[in-house]
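Quick caveat, the model's predicted, so the values are computed rather than measured. Computed from heavy atoms alone, side chains included, the values below leave out hydrogens, waters and symmetry copies. The residues of the chain are indexed from 1 along the displayed sequence.
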Amino acid sequence: MTVRLTGIIPALVTPFDADGEIQEAPYREQIRFMLKKGVHGLCFGGSTGEGFALETEELVRLAGIAVEEVAGRVPVVAGIIANSTREVLKRGRALAATGVDALQITPTFYVFTPDDETNFRYFESVARELAVPIVLYNVIPWNLLGTDLVVRILEEIPNVVGIKQSQGNIHRAAELVLRAPRDKVILAAIDGLLYPCFAMGAHGTLAASPTAVPGPCVRLWDAVQAGDHATARAIHDRLLNFWSLMPHDNLPACVKYALQLQGLATGVSRAPMPMPSAAQKAIIEPALRALLDYDVA
């Protein structure tokens with residue numbers, strides 16, 4: 001049951017056709033593209049993959065394709081974005097049967113904010129029933145898991161193997177690197193600040209920026225691991241500029257456009273999410289081109 005998630009883990013986009021149906025061939029092509037760039041894992045069904053708009057059967061289909069394409073070369077993480085313990089367990093059981101290596105699970109995101117004890121019992125019951133490796137996905141703005149709660153979960157729930165710390169909160173990521181048990185992983189989803197996160201000891205990233213630019217992110221990770229901070233800082237400067245300019249209201253669609261500029265067919269996004277406007281495309285393209293100076297072959 002043990003899995004160690006480190007390095008660069010892109011959050012795959014989900015290609016849809018005009019009718020909102022999954023396009024299998026572009027999805028397979030994307031997985032192969034990521035593996036060719038040297039990523040260290042893959043995640044599907046997350047925010048960038050429009051997991052909030054996917055049904056259980058669709059997640060299972062995406063899982064089967066990913067597991068087949070990866071063929072054990074890197075870990076495969078399945079995202080679950082759901083609003084009840086019952087639904088999380090339904091999806092989790094179905095996905096666990098596909099052979100994925102771990103599940104990435106959000107806190108509940110309805111408008112009522114659970115207290116710490118409720119959040120703890122939620123993850124405790126999910127982890128007990130599913131008995132597979134779980135990554136906390138700390139992303140819900142009105143239900144953010146505080147550092148004390150996260151550390152308690154990591155200490156007391158054995159199959160919670162780590163956390164994806166999102167929301168641009170580098171201070172919280174730093175606290176978790178310092179305080180989390182040594183056998184648990186802190187994955188920094190602070191897209192424009194991956195360099196300082198890696199430098200302070202984060203174990204990697206599971207995020208959207210490695211999806212949009214996997215090659216430069218792999219080079220950034222490798223540079224930090226090798227102590228080449230001059231190269232890492234140069235990549236950081238361009239990554240920060242790229243991500244600061246990236247529109248976020250329809251981020252999955254904009255990430256798809258960034259991949260299209262690199263030769264991938266990525267389909268469209270599922271309605272009602274709009275595809276990038278001409279103005280958004282004009283912002284993305286030059287910043288992307290500059291960052292791709294640090295692409296891998």
Side-chain angles (χ1 to χ4, degrees), residues 1-17 20-51 53-81 91-105 132-135 137 161 164 187 189 204-219 221-222 252 255-270 295-297:
M1 193 179 78
T2 301
V3 63
R4 184 75 174 174
L5 302 169
T6 61
I8 303 300
I9 306 173
L12 299 174
V13 299
T14 307
F16 298 105
D17 64 19
E21 299 298 325
I22 293 171
Q23 295 184 301
E24 181 173 323
Y27 180 62
R28 289 183 181 275
E29 180 187 9
Q30 179 190 180
I31 292 171
R32 294 167 188 166
F33 173 80
M34 297 296 173
L35 293 173
K36 183 179 178 181
K37 296 296 181 181
V39 302
H40 307 99
L42 293 172
C43 178
F44 68 90
S47 302
T48 308
E50 299 173 66
L54 292 171
E55 299 169 357
T56 300
E57 294 75 14
E58 292 174 320
L59 287 167
V60 168
R61 181 184 174 196
L62 293 172
I65 295 168
V67 170
E68 178 185 323
E69 287 288 340
V70 167
R73 286 173 285 180
V74 298
V76 175
V77 182
I80 297 179
I81 303 174
R91 295 185 178 206
R93 292 185 182 110
L95 286 166
T98 67
V100 298
D101 296 285
L103 304 174
Q104 172 190 271
I105 302 177
V132 295
I134 290 172
V135 177
Y137 183 11
V161 298
K164 171 181 174 178
L187 300 171
T205 181
L206 196 173
S209 55
T211 314
V213 283
C217 288
V218 168
R219 284 198 64 186
W221 172 259
D222 289 346
V255 171
K256 288 180 178 181
Y257 178 63
L259 289 172
Q260 289 169 16
L261 291 173
Q262 296 169 75
L264 291 184
T266 55
V268 297
S269 288
R270 182 165 274 178
D295 200 5
V296 298

Asker: Who pairs with Ser209 by side-chain hydrogen bond (donor to acceptor under 3.5 Å, both in side chains), at least two apart in sequence or on another chain?
Answerer: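 Testing Ser209 for side-chain hydrogen bond (donor to acceptor under 3.5 Å, both in side chains), a comparison that skips the adjacent residues, returns Asp191.
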
Asker: Could you give me the CA-CA distance, side-chain angles and deciding distance for Leu187 and Tyr137, then say whether side-chain contact (heavy atoms from CB on, under 4.5 Å) is met?
Answerer: CA-CA 10 Å; Leu187 300 171; Tyr137 183 11; over 6 Å; no

Asker: So, do Val268 and Lys256 sit near enough that their side-chain heavy atoms are less than 4.5 Å apart?
Answerer: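 Result no, sub-4.5 Å side-chain heavy-atom pair not found.
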
Asker: Is there side-chain contact between Gln30 and Leu259, with heavy atoms separated by less than 4.5 Å?
Answerer: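 Side-chain contact under 4.5 Å: yes.
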
Asker: Please tell me if the side chains of Val135 and Leu103 come closer than 4.5 Å, counting only heavy atoms from C-beta onward.
Answerer: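 Counting from C-beta outward, Val135 and Leu103 never come under 4.5 Å.
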
Asker: Donor-acceptor pair, Thr211 side chain versus Ala207 backbone, under 3.5 Å?
Answerer: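 Here the side-chain-to-backbone pair exists.
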
Asker: If we only count heavy atoms from C-beta on, is the Lys37 to Asp295 side-chain gap below 4.5 Å?
Answerer: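 Side-chain contact under 4.5 Å: yes.
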
Asker: How far apart are the closest heavy atoms of Pro133 and Val161, and which atoms are they?
Answerer: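 Of all heavy-atom pairs spanning Pro133 and Val161, the closest is CB-CG1, 3.9 Å.
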
Asker: With sequence neighbours left out, write down each residue that passes side chain to side chain contact (heavy atoms under 4.5 Å, CB included) with Glu24, or none if nothing qualifies.
Answerer: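 For Glu24, the residues satisfying side chain to side chain contact (heavy atoms under 4.5 Å, CB included) (neighbours in sequence not counted) are Arg28, Arg61, Ile65.
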
Asker: Measure the CZ-CD distance between Phe33 and Gln262 for me, rounded to the nearest 0.5 Å.
Answerer: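 Phe33 atom CZ to Gln262 atom CD measures 4.5 Å (nearest 0.5 Å).
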
Asker: Working to the nearest 0.5 Å, report the span between CZ of Arg91 and CD of Glu58.
Answerer: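 Here the rounded value is 9.0 Å.
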
Asker: Could you tell me which non-hydrogen atom of Thr56 sits nearest to which non-hydrogen atom of Ala94, and how far apart they are?
Answerer: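 Between these two residues, the closest heavy atoms are CG2-CB, 4.0 Å.
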
Asker: Distance-only, no hydrogens or angles: does the Asp101 side chain make a donor-acceptor pair with backbone N or O of Val77 under 3.5 Å?
Answerer: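 Here the side-chain-to-backbone pair does not exist.
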
Asker: Are the side chains of Thr205 and Trp221 in touch, meaning some heavy atoms are under 4.5 Å apart?
Answerer: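 Thr205 vs Trp221: side chains apart.
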
Asker: Could you check if a side-chain atom of Val67 sits within less than 4.5 angstrom of a side-chain atom of Val100, using non-hydrogen atoms only?
Answerer: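 The answer is yes, as the side chains (C-beta and beyond) meet within the 4.5 Å cut-off.
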
Asker: Heavy-atom distance under 4.5 Å between the side chains of Ile31 and Leu42, does that happen here?
Answerer: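 SC-SC contact between Ile31 and Leu42 confirmed.
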
Asker: At their closest point, which heavy atom of Pro214 faces which heavy atom of Val39, and how far apart are they?
Answerer: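 It is CB-CG1, 4.1 Å.
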
Asker: Going by atom types only, do Thr14 and Glu50 share a side-chain donor-acceptor pair under 3.5 Å?
Answerer: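 Side-chain D/A pair, Thr14 to Glu50: absent.
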
Asker: Atom CG of Leu62 and atom CG of Leu12: how far apart are they, to the nearest 0.5 Å?
Answerer: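 One finds 9.0 Å between CG of Leu62 and CG of Leu12.
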
Asker: Going from CG on Leu5 to NE2 on His40, what distance comes out if it is rounded to the nearest 0.5 angstrom?
Answerer: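 Answer for the CG-NE2 pair, Leu5 versus His40, is 12.0 Å.
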
Asker: Establish, from distance only, whether the side-chain atoms of Thr266 and Tyr257 form a donor-acceptor pair under 3.5 Å.
Answerer: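 Tyr257 and Thr266 do not have a side-chain donor-acceptor pair below 3.5 Å.
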
Asker: CD1 of Ile105 to CD1 of Ile81: how many Å apart, nearest 0.5 Å?
Answerer: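 CD1 of Ile81 is found 11.0 Å from CD1 of Ile105.
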
Asker: Are any of the side-chain heavy atoms of Val13 and Pro252 separated by less than 4.5 Å?
Answerer: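 Heavy-atom side-chain distance check fails, nothing below 4.5 Å.
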
Asker: To the nearest 0.5 angstrom, please state how far the CG atom of Leu206 sits from the OG1 atom of Thr6.
Answerer: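 It is 11.5 Å, given to the nearest 0.5 Å.
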
Asker: For Leu59 and Phe44, work out which heavy atoms get closest and say how close.
Answerer: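 That closest heavy-atom pairing would be O-CE1, 3.5 Å.
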
Asker: Check Ala63 against Thr98 and note the closest heavy-atom contact, atom names and distance.
Answerer: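 Distance-wise, the nearest heavy atoms are CB-OG1, 3.4 Å.
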
Asker: Taking all atoms of both residues into account, what is the closest heavy-atom pair of Glu29 and Gly263, and its distance?
Answerer: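 For Glu29 and Gly263, the tightest heavy-atom pair comes out as OE2-O, 3.9 Å.
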
